[in-house]
Amino acid sequence: MSKRFYITTAIDYTNGAPHLGHAYEKIITDVIARAHRGFGDSVFFLTGLDEHGQKVQQAAQAEGLQPQAYCDKLAEQWRAFVQALGVSNDDFVRTTQPRHQKVVQALLEKLHAQGDIYKAPYEGWYSARQETFLTDKERREDGSWDSSYGEVTRLVEENWYFRMSEYQQWLIEYIEATPTFVYPDYRRNEVLGFLKNVTLDDLCISRPLSRLSWGIPIPFDPDYVNYVWFDALTNYFSVPASLGDPVACDVLGASAPAKATGPSLWPADIHVIGKDILRFHAVYWPIMLKAAGAPLPKQILAHGWWMKDGEKMSKSTGNVVDPLAVIAEWGLDAFRYYVVRELEIGPDGNWTDEGFRQRYTSELANGLGNLVNRSISMLNKYRNGVVPNCHSELEPDAVRAVQEVENCLRQRRLQAALSGIWDLINKANQYVDRTAPFKLAKDPEQSGRLDQVLYNLVETCRVLAVLLNPFIPNTSERIYAQLKVCSEPELWRHTAWGGLLPGHTVGAPIPLFPRKDLVPKV
RNA sequence: GCCAGCGUAGCUCAGCGGUAGAGCAGGGGACUCAUAAGCCCUUGGUCGGAGGUUCGAUUCCUCCCGCUGGCACCA
């Protein structure tokens with residue numbers, strides 16, 4: 001079976017409700033996934049939840065629930081969130097699922113057996129109240145501790161460590177030899193910068209059961225559970241393995257959880273993540289995989305964070321953006337459009353309600369919406385909705401846009417891709433004024449010319465529907481529906497000029513993005 | 001502090017050796033198919049500051065000022 005295009009988001013930690021940042025990551029991943037499906041790739045898109053750890057355990061306790069019951073409840077909320085965003089994920093992983101836990105344990109066994117995991121004591125300052133060790137940073141200058149820590153005592157604890165340090169030089173060389181491994185470039189430079197300037201410590205991967213029960217048991221030591229990153233990162237690998245991916249199963253050998261006859265997924269093509277967890281994905285994860293003898297993912301794509309009105313979003317100040325509220329008011333596609341159009345993948349974004357309104361009005365309503373509306377309207381008015389003979393006056397513009405948008409999508413430059421689409425929209429709006437079909441319609445001798453103009457307009461609208469499909473799939477389908485075209489706007493090959501056939505009858509125009517800012521005239 | 005990057009029209013940014021461009025916002029105009037949308041024209045800048053290299057610098061170099069990001073795991 002040929003290798004599928006395998007793309008993931010980070011898995012979200014279930015100690016709170018989903019917010020704009022989560023929505024953004026899922027949407028940009030969805031755009032790339034949909035684009036590749038359109039290009040003809042068989043895509044596997046994975047998202048999901050990270051459900052273990054102390055904070056989940058505590059949150060569950062606070063609500064009087066067992067951890068699993070608490071996670072189940074939140075998982076429903078998160079699944080609904082993903083669905084509300086129109087995300088086309090193929091699977092949804094939860095780290096409490098047995099299929100995941102088995103693979104984590106198999107991986108731990110393998111690394112333990114080959115000597116990459118060892119037990120060692122750690123001594124440090126421990127706060128019993130916070131159930132955590134403290135570092136010098138948390139200590140005041142006079143050596144005292146903040147009262148929130150309660151009594152702080154010196155404690156020695158044994159734990160399991162993953163031998164990362166020996167792979168440091170290998171990783172530096174790998175990243176230098178693989179320029180596309182971390183994107184954008186400046187993030188890659190950051191990773192290389194600190195890899196060259198610090199010595200990696202081995203990674204502590206366990207917690208004693210007495211202190212943390214909500215985790216995956218360490219298979220070779222029943223007194224311990226696996227801790228955070230080793231568990232969370234493995235989700236990308238555990239799902240393919242559990243589905244019987246040949247490469248993943250081969251890595252696990254006899255402990256593989258399934259017959260190696262499943263879809264070919266590993267290695268992942270893209271891990272989409274936030275910049276805050278770059279280190280884990282660009283350092284720990286490659287080393288874990290290298291140690292396990294697994295091929296590395298092709299690319300780590302690190303996106304920025306969203307601000308609101310130039311400031312960090314925080315619940316305490318109340319300057320948060322609730323994706324579901326925006327979607328309820330403006331529609332899903334307006335939301336998807338804004339977050340992708342506002343910034344390229346990499347830098348931080350700044351959400352402003354005014355900017356959102358402006359893009360909605362000028363780009364979606366007045367630009368795209370009005371073009372589709374006036375085009376279909378004129379075809380109805382002047383030709384009873386019947387498509388005239390093919391004509392290619394706007395074809396070169398459409399072809400150029402298709403090429404540019406595809407290039408941008410393959411380079412993950414989603415903002416530039418949308419700009420390219422809007423170039424075509426603007427071209428078509430200019431074309432209406434240049435050719436003035438409404439004047440041609442008044443002169444019977446210009447009937448042939450009017451046919452040509454109308455064909456170019458409605459066909460451009462159809463091509464636009466295909467171009468827009470990865471970004472705003474609902475709108476794409478609505479354009480196809482108004483044109484009464486039955487084929488699939490999600491297939492990229494339908495960008496080819498000439499899809500509308502002469503004699504076909506289109507439907508009635510319905511505004512795609514109604515303006516909301518106009519006060520009715522008295 | 002160290003490393004990297006940025007500072008260009010009111011706003012968001014492009015340009016990166018021959019004295020500046022786009023989109024939006026602002027101003028004017030012609031039209032009417034359309035969600036009073038669209039189209040055309042147009043006002044805005046001594047390209048952060050000071051030196052240097054060069055026939056010539058926004059574009060290269062140095063310094064200064066301002067801003068941003070990174071400097072891990074924090075068992």
* **Closest to side chain of Leu200(A), choosing from U35(B), C24(B), A72(B)** => A72(B)

* Asked: Among the nucleotides C33(B), G69(B), C71(B), which one has an atom lying closest to any side-chain atom of Met378(A)?
  -> C33(B)

* Can you tell me, in whole Å, how much space there is between the P of C33(B) and that of U42(B)? => 28 Å

* Asked: Can you tell me how far C1' in A37(B) sits from the matching atom in U32(B), rounded to whole Å?
  -> 11 Å

* Asked: Considering only the C1' atoms, how many Å lie between G21(B) and A14(B), rounded to the nearest integer?
  -> 7 Å

* Would you say U12(B) has OP1 or OP2 under 4.0 Å from some side-chain N or O of Arg359(A)? -> no

* A22(B) and G44(B): how far apart are their C1' atoms, nearest whole angstrom? -> 14 Å

* **Between G26(B) and G10(B) - C1' atom distance, rounded Å** => 9 Å

* Would you say a side-chain N or O of Lys381(A) is under 4.0 Å from OP1 or OP2 of A34(B)? -> yes

* In terms of side-chain heavy atoms of Gln430(A), which of C40(B), C33(B), U35(B) is nearest? -> C40(B)

* Quantified in whole Å, what is the C1' atom distance between nucleotide G27(B) and nucleotide A34(B)? -> 25 Å

* To do: Determine whether Leu364(A) and Arg359(A) make a side-chain contact, defined as any pair of heavy atoms from C-beta on separated by less than 4.5 Å.
  => no

* Asked: OP1 or OP2 of A36(B) sitting under 4.0 Å from any side-chain N/O of Arg515(A)?
  -> no

* Asked: Say you pick atom P in G51(B) and the same atom in C16(B); how far apart are they, in whole Å?
  -> 27 Å

* Asked: Under a 4.0 Å N-O cut-off, is there an ion pair linking Glu404(A) with Arg400(A)?
  -> no

* Given the P atoms of A25(B) and C40(B), what is the spacing between them in whole Å? -> 14 Å

Show which side-chain atoms of residues 417-429 of chain A pair as donor or acceptor with protein atoms under 3.5 Å away, not counting sequence neighbours.
from, atom 1, to, atom 2, distance (Å)
Ser419(A), OG, Gln415(A), O, 3.3
Trp422(A), NE1, Glu363(A), O, 3.0
Asn426(A), ND2, Trp422(A), O, 3.2
Asn429(A), OD1, Arg374(A), NH1, 2.7

* Would you mind checking if Arg449(A) and Asp443(A) are paired as a salt bridge, meaning a charged N to carboxylate O distance below 4.0 Å? => no

* Counting side-chain heavy atoms from CB outward, which of C39(B), C33(B), G69(B) is closest to Glu190(A)? -> G69(B)

* Please state whether the phosphate of G38(B), meaning OP1 or OP2, lies under 4.0 angstrom from any side-chain nitrogen or oxygen of Asn370(A). => no

* Check ion pair Lys275(A)-Asp348(A) (N to O, under 4.0 angstrom) -> yes

* To do: Please state how far atom CG in Asn350(A) lies from atom P in C24(B), giving the value in whole angstrom units.
  => 20 Å

* Asked: Roughly, in whole Å, what's the span from CG in Asn429(A) to C1' in A34(B)?
  -> 9 Å

